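Note that this is a predicted model, so its numbers are computed, not measured. One-based numbering, in listed order, for ligands and for the atoms of each. Note that these values count all heavy atoms, side chains included, but never hydrogens, waters or copies made by symmetry.
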Amino acid sequence: MNNDIEEILFDQQQIHEAAVRLGQRITEDYAGQKPLVLSVLKGAYLWTADLIREIDLYVDLEFIKISSYHGGVTSSNEIQLVTDVQSDVKDRDVLILEDIVDTGQSLQFLKDLLKDRGAHSVQVATFLDKKEGRKIEIDADYVGFDVRNEFVVGYGLDYADLYRNLPYVGILKKDIYS
Ligand code: 5GP
Ligand code: MG
C-alpha cells in the first residue's frame, strides 16, 4: 500500500496536533452548548474519532452517508443521500465533520438539508480543505489542513474504497488511477 503513495503530506503526529488545535477551539466556541456532531461517512470516521476526543463538551454523535464520487477521482455533480441521520436536527447546533471539502457541493447539499430541517446552527470542521477545487462559494468554519489540488488518500480518504486505513495522508501515484 505504501508504495502507491507519491508523497506523504501529513503524518500521524501532525494530524494529532490538528485535532488538538481544532478540538480546543471548538470547546471554547461551543462552551455551554451541546452540539450534535454529524460525521459524514465513510471518509470522516477517523477524523471524527480523533477530533471528538479533543472536544471537552457534552456532544451527541450522529452519522450521515452521502456519495458524490462513485469510485473515481473527481466529484460527480450529483450528490446522493445514502444513509440518513437517525435523530431530529430541529433546533440543534450541528457541527458537520467532513474529510475534505473540494468543489463544495457535498457541503452545500448537507447544509441545505440541515437548514431545511430546522437546525439552529450549522458549522463545519473539515480535516482537509482543497480550496482550489471550489465550484461553489462555501467555506468550512474549522480546517485541519489546506491541501493543493491533488488526489489524496489515507486517514479515512479512499480511492475505490481502498487506502482508508493508511495512518497518514498522501498523494496517490497517478499511474494507480490513470
Ligand atoms: P466536494 O463535494 O466538495 O467536491 O467533495 C467532497 C467529497 O469528495 C469528499 O468528502 C471526499 O469524499 C471526496 N474527495 C474530494 N477530494 C478528494 C481527494 O483528494 N481524495 C479523496 N479520497 N476524496 C476526495
Ligand atoms: Mg466524503
Side-chain angles (χ1 to χ4, degrees), residues 1-12 14-15 18-19 22 36-52 61-85 89 94-116 122-178:
M1 229 180 8
N2 292 284
N3 292 331
D4 298 348
I5 303 304
E6 182 77 46
E7 182 190 336
I8 294 177
L9 296 180
F10 310 110
D11 64 20
Q12 281 178 282
Q14 290 170 297
I15 293 170
L22 293 197
L36 177 76
V37 171
L38 184 60
S39 175
V40 185
L41 293 173
K42 298 175 189 172
Y45 79 103
L46 281 179
W47 176 234
T48 301
D50 286 339
L51 182 58
I52 61 170
L61 177 61
E62 284 288 342
F63 295 92
I64 194 166
K65 189 169 178 184
I66 58 173
S67 81
S68 60
Y69 259 50
H70 315 298
V73 293
T74 51
S75 293
S76 74
N77 293 328
E78 209 181 301
I79 314 290
Q80 283 169 334
L81 183 57
V82 180
T83 309
D84 204 349
V85 49
V89 302
V94 182
L95 180 64
I96 298 171
L97 302 194
E98 260 286 22
D99 52 356
I100 185 167
V101 181
D102 180 16
T103 64
Q105 290 169 138
S106 303
L107 201 51
Q108 189 68 63
F109 174 88
L110 285 171
K111 281 189 135 179
D112 289 348
L113 184 79
L114 295 166
K115 287 284 185 187
D116 282 352
V122 182
Q123 288 203 296
V124 185
T126 188
F127 172 52
L128 302 175
D129 192 356
K130 204 191 272 184
K131 293 196 171 72
E132 273 175 63
R134 278 307 190 287
K135 291 183 187 167
I136 295 175
E137 225 178 285
I138 188 167
D139 273 317
D141 303 278
Y142 304 92
V143 175
F145 300 101
D146 285 303
V147 280
R148 49 190 201 264
N149 207 358
E150 301 271 8
F151 190 76
V152 299
V153 295
Y155 192 68
L157 291 107
D158 74 306
Y159 169 62
D161 251 332
L162 300 175
Y163 307 101
R164 294 190 195 275
N165 55 324
L166 281 176
Y168 57 82
V169 170
I171 297 172
L172 189 63
K173 284 183 182 166
K174 294 225 163 40
D175 58 283
I176 303 291
Y177 58 84
S178 55

Pairs where residues 169-178 contributes a residue and the test side-chain hydrogen bond (donor to acceptor under 3.5 Å, both in side chains) is met, not counting sequence neighbours: Glu150-Lys174
I'd like to check whether Tyr159 has a polar contact with ligand 1, where a contact means an N/O of the residue lying under 3.5 Å from an N/O of the ligand. no
Could you tell me whether the side chain of Glu62 reaches within less than 4.5 Å of the side chain of Val89, counting heavy atoms only? no
Using a plain distance cutoff, I'd like to know if Val101 has any nitrogen or oxygen under 3.5 Å from a nitrogen or oxygen of ligand 1. no
For ligand 1, which atoms have a heavy atom of Glu98 less than 4.0 angstrom away? 10 (O)
Side-chain heavy-atom pair Val169, Phe127 within 4.5 angstrom cut-off: yes
Below 4.5 Å, heavy atoms only, C-beta onward: do Leu113 and Val85 meet side chain to side chain? no
So do Leu38 and Leu114 actually touch side chain to side chain, heavy atoms under 4.5 Å? yes
Check contact between Gly43 and ligand 1, using heavy atoms of the residue and a distance below 4.0 angstrom. no
For ligand 1, which atoms sit closer than 4.0 Å to a heavy atom of Asp158? 21 (C), 22 (N)
State, with a plain yes or no, whether a side-chain heavy atom of Arg164 is found less than 4.5 Å away from one of Leu46. no
Measuring from non-hydrogen atoms of Arg134 to any atom of ligand 1, is the shortest distance under 4.0 Å? no
Please check if any side-chain donor atom of Tyr159 sits under 3.5 Å from a side-chain acceptor atom of Asp4, or the reverse. no
Show me which atoms of ligand 1 lie under 4.0 Å from any heavy atom of Ser106. 1 (P), 2 (O), 5 (O), 6 (C)
Numbered in order shown, the ligand 1 atoms found under 4.0 Å of a heavy atom of Gly104 are 1 (P), 3 (O), 4 (O)
Within 4.0 Å of some non-hydrogen atom of Gln105, the atoms of ligand 1 are 2 (O), 3 (O)
Note: Asp139-Arg134 ion pair, threshold 4.0 Å (strictly below): yes
Quick check on contacts: which atoms of ligand 1 are under 4.0 angstrom from a heavy atom of Glu150? 19 (O)
I need the contact type for Lys130 against ligand 1. Using non-hydrogen atoms and a strict under-4.0 Å cut-off, is it side chain, backbone, both or neither? side chain
With nothing but distance in play, are any N or O atoms of Val152 less than 3.5 Å from an N or O of ligand 1? yes
Tell me whether ligand 1 is touched by Leu107 - counting only heavy atoms on the residue side and a distance under 4.0 Å. no
Who passes side chain to side chain donor-acceptor pair (under 3.5 Å) against Asp116, sequence neighbours left out? none
Would you mind listing which atoms of ligand 1 come within a distance below 4.0 Å of any non-hydrogen atom of Thr103? 1 (P), 2 (O), 3 (O), 4 (O)
